[in-house]
Amino acid sequence: MTPMAGAVIRPLILASQSQGRQMLMREAGLSFECVSAVIDEEAVRSGMEAEGAKPRDIADALAQAKALKVSRKFPDAMVIGSDQILVMPDGDLMRKAGSRDEAEIQIAKLAGRTHRLISAAVICEEGKAVWRIVDGAKLTMKPLEASTITAYVKKYWEDIRHCVGCYRAEAEGAALFDNIEGEQSTIVGMPMRPLLDYLTIRGYERAL
């Protein structure tokens, strides 16, 4: 793709400390820094849920809030914010587990059923959103015995504790699923193909 006329190459900042999103960026050959965006995610999510907002709009709003927060501190950078929502089979949104017991309960709720992951990414410059994408994936988990769930959580807790749904379908968690439909990067938490297309248009080069 041809870079945009007059495009300005700015430092890239990922407004997240997510290991999964950092991995996606590194594997894509991007040079970037990480800056945590401290926002009240639960307040944003709960408020939008109360207003009947769609899950994709909630994911988009959270991604934008993160990118804007960091962009206002670093106006000369291109800041990427991202967020992911897990939509349960009944339409409710699942929160991150706070303990191993909660993780087991969450996996048990998903076992034998199909749920959706919605991932959003927003780019901000000079405190304004300039680009956004929302993408979804559909995952069907195998029926699982309680003992299997307990063993999985015990073995991988430190890896899955920050993941909504408490699995890593891109890693060891793949064995828990019968079927996965969607882009791998969307499942990890940030739609990379459209993001890379935009960065290419803007003139960013990747070290591959």
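Note that the numbering runs from 1 along the sequence shown for the chain.
Of all heavy-atom pairs spanning Tyr152 and Gly173, the tightest one is OH-CA, 3.5 Å. Summarising the geometry of Leu62 relative to Ile39, their closest heavy-atom pair is O-CD1, 4.1 Å, with the distance given to 0.1 Å.
Taking a 6.0 Å sphere around CD of Glu49, one finds it holds more than 12 heavy atoms contributed by other residues, nucleotides or ligands.
A distance of 3.5 Å separates CE of Met78 from CZ of Arg202, quoted to the nearest 0.5 Å.
Considering only heavy atoms from C-beta on, Leu14 comes within 4.5 Å of Gln22 through its side chain. The shortest distance between side-chain heavy atoms of Pro55 and Leu93 falls below 4.5 Å.
At a threshold of 4.5 Å between side-chain heavy atoms, the hydrophobic network of Ile, Leu, Val, Met, Phe, Trp and Tyr places Met23 and Ile160 in two separate groups. In terms of hydrophobic clustering, with Ile, Leu, Val, Met, Phe, Trp and Tyr side chains grouped at heavy-atom distances under 4.5 Å, Leu30 and Trp131 are assigned to a common cluster. A chain of hydrophobic side-chain contacts below 4.5 Å, direct or via other Ile, Leu, Val, Met, Phe, Trp or Tyr residues, connects Leu144 to Leu110. In this structure, Met141 is not a member of the same hydrophobic cluster as Val87, with clusters built from ILVMFWY side-chain heavy atoms closer than 4.5 Å.
When ring centroids are compared, His162 and Tyr156 stay outside the 6.0 Å threshold. Taking the six-membered ring wherever Trp is involved, the centroid distance between the rings of Tyr167 and Phe177 falls below 6.0 Å.
Ionic pairing of Arg95 and Glu42 is present here: one or more N-O contacts between side-chain nitrogen and carboxylate oxygen are shorter than 4.0 angstrom. Salt-bridge annotation for Arg161 and Glu158: present, with a side-chain N of the basic residue lying under 4.0 Å from a carboxylate O of the acidic one. A salt bridge between Arg72 and Glu126 is absent, with no side-chain N of the basic residue lying under 4.0 Å from a carboxylate O of the acidic one.
For Ser82 (side chain) and Gly189 (main-chain N/O), a donor-acceptor pair under 3.5 Å exists by modelled atom type. For Lys69 (side chain) and Val38 (main-chain N/O), a donor-acceptor pair under 3.5 Å exists by modelled atom type.
A donor-acceptor contact closer than 3.5 angstrom is absent between the side chains of Asp135 and Ser119.
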